[in-house]
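Working notes, beginning with the structure itself.
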Amino acid sequence: MQKLSRQFWFAPLLILAGLWLLWLFVPLMLGVKPVMLWTDRLIVLLLAAVVLLVAYIRRKAPLREAWLQVFRQRRAMIALVVLCAFIVIGLLDSIHYRKPLPRSSGDAVQYSVEVLSVLDAVLERLRAREEKTYSAPFATHLYAKETVTLPDGRQVRIYPRLTHAGRHLADPQKDKAADIMRTSLQGVAGGVLLGLSLLLLLTRWLAWRKRQAFLSCWREIWRGASEIPWRSIFLTILIVIVSISTAWALSGKYHVFGTDKVGQDVLYLSLKSIRTGLVIGTLTTLVMLPFAIALGIMAGYFRGWVDDIIQYLYTTLSSIPGVLLIAAAILSIQVYIANHPSLFETATDRADLRLLALCVILGITSWTGLCRLLRGETLKLREMDYIQAATALGVRHFTILGRHVMPNVLHIVLIMVVLDFSGLVLAEAVLSYVGVGVDPSTISWGNMINGARLELAREPVVWWSLIAAFCLMFTLVLAANLFADAVRDAFDPRLREQA
Amino acid sequence: MFAYIVRRILYAIPILVGVNLLTFTLFFVVNSPDDMARMHLGMKRVTPEAISKWKQNRGYDKPLLYNSEAEGAARVMDTIFFTKSVSLFAFRFGSADDGRDIGHDIQQRMWPSLAIAIPVFIVGILVNITFALLLAFFRATYIDIWGVILCVILMSISALFYIIGGQFLIGKLLHLVPISGYDTGINSFKFLVLPVVIGIIGGIGAGTRWYRTIFLEEINKDYVRTARAKGLSELRVLFRHVLKNAMIPILTGAVVVIPLLFMGSLLTESFFGIPGLGSYTIEAIQSQDFAIVRAMVFLGSVMYIFGLILTDISYTLVDPRIRLS
């Protein structure tokens, strides 16, 4: 046991086991039925991989040093905080369950077919408040005129009041601006309070780690003297928390981003889209990574006919234009799903399988670049002295691959993974427009843009869905791009020499 | 040279066979023609007669790989694989679901695609190289740092928003050009301006950054230091030496896409209603016209391989150190 606990994977496994127990028992207590979608399972796998990787990196000095170089960059850390906010929302949206239906006594419990997530529960106030159709951000009246019967029996066509926004205002014309101001001030104040107390806790932890007095640690951070740019991190955390809390306060009384065609709150939709974007950006890499790494280093190491076959494979795949290959594959899968309706318990299951299929296909089209890079690098590595020595000593091929080649190409894998992420998130929107993206019932930025783009022709213009999707997508992709740049600078030795 | 080109073309054949087998598997093995027919005719209440009629109309009523009822060569020839997949090698694309000849459609629609893709390609490269040279000239100053950040910001905006934003701003608010549509001859100019401009702007972020790294890589080499040591001005160094030597990596990136230009841009063409190959493909995907999708997949791979061969040839033309072997 003593020896076990020194292994780097021991602590992470303990954490994961704890989470698994939680996942088993909490739903039992709440009386809901936990649902594990396919993408959820892969997300758990991904999380486990990340946790193990972090533990591994902490033990290896060169890797730790490279990551420290990333952490010292202000821009990268700001991006990382924003990314973390998105990831938290995405993870909350990945814990699914089904609510029990109200039952007559004695029957077995039946569960609703609607699959909800923890995020849905948190955002219940947004999800449940549906209007009839479009309404502008912060509007109190509907976008379209309706025939309303007045108390005295006359019928008039007016813009009716919204059922869930601004009901508390006696005279919306007069009171609205002041009320929005007051509510957002409350939100900001709450956010600042919450944020500051979180920052105090964080400083407490930092001071404990550095064995420093709390006050001197706090002062060092705000003077910007710390090695890692904690001041920028703190400010970003504060801004993120304040904007979330403001949006939270306002969304209780208004539709902050308006409502869409069927009256759903656009803020809710754009938050739900985060999971779809993250899943496509990360799971695609997760499914393609084993193939790309294995084939890439095998081609470079063994050369000869193995190399020929693998090269033929990736040249063939990369010669097909990506969109067309994806379209061809998704069309086939659509036919398959349509012809086998009995395989899926709920509509969410079906949409989830299509999301997963999209990830796999995107993975198939995007592994070729990584594979080619790894092959080239391995060709160089196999001529190195330490690998020659290992061969001479009679070490088995696969041991050499695992122990000597793999760790030395991992930086390329890492760079490609972070660089690919933003491209994949952007690709989702384009594919949804082409009609071969995620299932139409899945909430995603692509589907939001697709639904909203025709509404620009209306008078007055319905712009809010588009802008909401744009803002969130842009923030995520920009943060990912900035972070990826920092990672590449830190891990690519060729670039480091130039700087 | 000639022998090299012939050899490369021969190498291309197994790749095209692979592409062909892959599309064949996707379209005919994963889903049988019966599945496709049911999908097209609507899922409910489809009679077997309707399915067989649908299959007969499109020539899908044959066996997949081997026709045991036929005689002689027809055992292999009279199959779906031969009529639908092998015939692509002769550029016989067959007919679409609405009965039109795909080969004829492609010939008609390639011109509007080229009318957009060629200006976007040429002007885009010039603009990107100009900006990249500018950033390389001001390297490691605030202009460079903020220029790169601006590039990252431009890269983070989805192509959809460039198009939607441009259409909304120029077409709807300012009424400078029509929002979408197409005309022949000189009249087409006003329809083409906006898509071309948007295509160029959309590519600036990624392009400038890419060329900037190429220039910076060259700038750190010994011959550049020598040129500076000789007392050449920085501008002269940039244009005479760096630009000239950076043309080799630029060429690799550029030449390979030239043949693909003719496939058109899916998004631009469908948003602006331009009857090119890009919108042709999108319409085919949306109406699930498998024959067109198959033809475009094949054509796309042919063009890509053609681009690779062109790249290799152009290498030898600009860099005498590289020999074809």
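We name chains A, B, ... by the order of the sequence lines, and we start the count at 1 in each one. From a predicted model like this one, the values you see are computed outputs, not experimental measurements.
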Got a salt bridge between A:Asp439 and A:Arg350, using NZ or NE/NH1/NH2 to carboxylate O under 4.0 Å?
->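 Looking at A:Asp439 and A:Arg350, the cut-off is not met.
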A:Arg75 with A:Asp485: basic N within carboxylate O range, under 4.0 Å =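 A:Asp485 and A:Arg75: not salt-bridged.
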Please tabulate, for side-chain N and O atoms in residues 290-307 of chain B, each donor-acceptor pair with protein atoms closer than 3.5 Å (sequence neighbours left out).
residue	atom	partner	partner atom	Å
B:Ser301	OG	B:Val297	O	2.7
B:Ser301	OG	B:Phe298	O	3.4

Any chance you could lay out the side chain to side chain donor-acceptor pair (under 3.5 Å) test for B:Asp289 and B:Ser287, step after step, and finish with the verdict?
-> CA-CA 6 Å; B:Asp289 191 329; B:Ser287 64; 5.1 Å; no
Against chain A, label [X] side chain, backbone, both or neither, depending on which of its atoms sit under 4.5 Å from a heavy atom there.
X        : value
B:Ser158 : both
B:Ile285 : both
B:Leu22  : side chain
B:Ile149 : side chain

Treating [X] as the side-chain partner and [Y] as the backbone partner, does any N or O pair qualify as donor plus acceptor under 3.5 Å?
X        : Y        : value
A:Ser432 : A:Gly437 : no
B:Arg225 : B:Asp222 : no
B:Arg109 : B:Leu277 : no

Side chain, backbone, both or neither: which part of A:Leu317 has a heavy atom under 4.5 Å from chain B?
->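 Contact with chain B involves the side chain of A:Leu317 alone.
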How far apart are the closest heavy atoms of A:Trp463 and A:Pro137, and which atoms are they?
->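 Nearest pair, atom of A:Trp463 first, then A:Pro137: CH2-CG, 3.7 Å.
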Do you know the tightest heavy-atom contact between A:Ile330 and A:Leu358?
->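 Where A:Ile330 meets A:Leu358 most closely, the heavy atoms are CD1-CD1, 3.8 Å.
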A:Tyr312: partners by side chain to side chain contact (heavy atoms under 4.5 Å, CB included), with sequence neighbours left out |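 Listed in chain order: A:Thr316, B:Pro14, B:Ile15.
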Do any of residues 265-272 of chain B have a heavy atom less than 4.5 Å from a heavy atom of chain A, and if so, which, in residue order?
->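 Counting heavy atoms that sit under 4.5 Å from chain A, the residues of residues 265-272 of chain B involved are B:Leu266, B:Leu267, B:Ser270, B:Phe271.
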Give me the contact list for residues 470-479 of chain A versus chain B, heavy atoms only, anything under 4.5 Å, ordered by residue number.
->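 Counting heavy atoms that sit under 4.5 Å from chain B, the residues of residues 470-479 of chain A involved are A:Phe470, A:Met473, A:Phe474, A:Val477, A:Leu478.
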Do B:Arg209 and B:Val152 have side chains that get closer than 4.5 Å, going by heavy atoms?
->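 The answer is yes; the side chains approach within 4.5 Å.
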Working for side chain to side chain contact (heavy atoms under 4.5 Å, CB included), residues A:Val436 and B:Gln286 | CA-CA 8 Å; A:Val436 293; B:Gln286 281 165 353; over 6 Å; no
Do you know which of A:Leu426, A:Val461, A:Val425, A:Val434 has the most heavy-atom pairs under 4.5 Å to chain B?
->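 Option with the greatest count: A:Val434.
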